[in-house]
Amino acid sequence: MSVPLLRNAILLSVTARIVSFSNRTIRKMSQTRFSSKIQIPTSNHKKNPGDESCNGGSAANIRVFVRKKRAKKSLEISPKEEVKAEEPRQQQLCSLPDIEDFAYGKKCGYSYSTQAPENWEKVLERIRRMRSSEDAPVDSMGCEKAGNSLPPKERRFAVLVSSLLSSQTKDHVTHGAIQRLLQNGLLNPDALDNTEEATIKNLIYPVGFYTRKASNLKKIAKICQLKYDGDIPSTLEDLLQLPGIGPKMAHLVMNVGWEIVLGICVDTHVHRICNRLAWVSRPGTKQKTSSPEETRESLQLWLPKEEWVAINPLLVGFGQTICTPLRPHCGTCTVSNFCPSAFKEISSPSSTPKKPRSN
DNA sequence: GTCCGGCACA
DNA sequence: TGTGCGGGAC
């Protein structure tokens, strides 16, 4: 399989996590729609690969943006801000390591280990095999094709909304909420902006944290209208300025919405499993990373970029079925002999992996 | 660290 | 019935 094709296939699997395509649809689409070359907006395309002076995708930069975002409590849009947002992107964006550039961390002055852990390829392969039955909730992606049938701009907005609603919410619940928004003509920034928060809240119920999400949706719709001409932000830093969008969701939206891979989407499963496998560590130490962001930063230093997108659905499903947060099923796990944490946490009395909840 | 909020599971 | 799930804001 050629590299672009492989990339498309990988991209598809993560797309599925968000917009919940059926597996059959994915297989079908990988032969059709995505067989063409991925289009990358020129404004976002990466700059000089060797330029380490600016690192748009680094955790350090993301933390700066998150800090800025938090400092900016109430998000008011003014023409002044709009001008500010137009700062040269060249200064904000920059390249991430090439696949072969494992020494990237050193180049950036980080003290993370850039050494790939022993046997990582074997471990990934075995996890892939364990996951081949596709019995994890992440694989049973309802049927949400709504976003997919929309024009690009609306599809991107649907991806953003899906991401926001999906956190800590079962896939079918997210799907239901998206469907209701769609049926009511609210899956676009203009309509959402002109809708009562209470209405949005009722429509998205019972997704997790629906009150806050309804409020965030309305704010996001307004921002998209005023600053992005009804589209979604096209850079990581702009996405991070949206209320309710943190590093994890921002990377997911970049990957799925814009089809640009700037970083690994690290959620709680990826964070937990990478630490259990000792694949990541705090800078200059062998201690576990303390946050998903730290995990992302550490993982990106050695994991080949080809794996950046695929790693999320792979480990999420693995984390849902076998390497569960509580009582991991080390007895049935085929990588336990490579895992320094195996059998060190209280295991479930039965060795049969149970069907966990979605997401 | 706590809170958000429904829900699955021990 | 209590608890943990999980990303983001504070």
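Numbered from 1 within each chain, the chains take letters A, B, ... in sequence-line order.
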Measure from the side chain of [X], starting at C-beta and using heavy atoms only, and say which of [options] lies closest.
| X | options | value |
| --- | --- | --- |
| A/Ser167 | C/dG4, B/dG6, C/dG7 | C/dG7 |
| A/Leu326 | C/dG4, B/dG6, C/dG8 | C/dG4 |
| A/Arg212 | C/dC5, C/dA9, B/dA10 | C/dA9 |

Return the value, rounded to whole Å, for the distance between atom [atom1] of [X] and atom [atom2] of [N].
| X | N | atom1 | atom2 | answer |
| --- | --- | --- | --- | --- |
| A/Leu217 | C/dA9 | CG | C1' | 16 Å |
| A/Leu240 | C/dG7 | CG | P | 15 Å |
| A/Leu160 | C/dG8 | CG | P | 12 Å |
| A/Arg327 | B/dA10 | CZ | P | 6 Å |
| A/Asp267 | C/dG8 | CG | C1' | 14 Å |
| A/Lys201 | B/dG6 | NZ | C1' | 14 Å |
| A/Leu252 | C/dG7 | CG | P | 10 Å |
| A/Leu242 | C/dG8 | CG | C1' | 13 Å |

Short side-chain N/O contact from A/Tyr210 to OP1 or OP2 of B/dC4, under 4.0 Å: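 For B/dC4, neither OP1 nor OP2 has a side-chain N or O of A/Tyr210 closer than 4.0 Å.
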Any donor-acceptor N or O pair under 3.5 Å, side chains A/Thr289, A/Thr295: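 Short answer, yes.
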Pair A/Thr235-A/Asp238, side-chain donor/acceptor within less than 3.5 Å: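 Yes, because at least one side-chain N or O of A/Thr235 sits under 3.5 Å from a partner of the opposite role on A/Asp238.
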DNA chain C: 5'-proximal contact among A/Asn216 and A/Gly208 (nearest heavy atom): A/Gly208
Salt bridge (Lys or Arg N to Asp or Glu O under 4.0 Å): pairs with one or both residues in residues 176-195 of chain A, sequence neighbours excluded: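 For residues 176-195 of chain A, and leaving out neighbouring residues, the salt bridge (Lys or Arg N to Asp or Glu O under 4.0 Å) pairs sorted by first residue read A/Asp193-A/Lys222.
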Listed partners of A/Tyr210 passing ring-ring contact (aromatic ring centres under 6.0 Å, His included), at least two apart: A/Tyr205
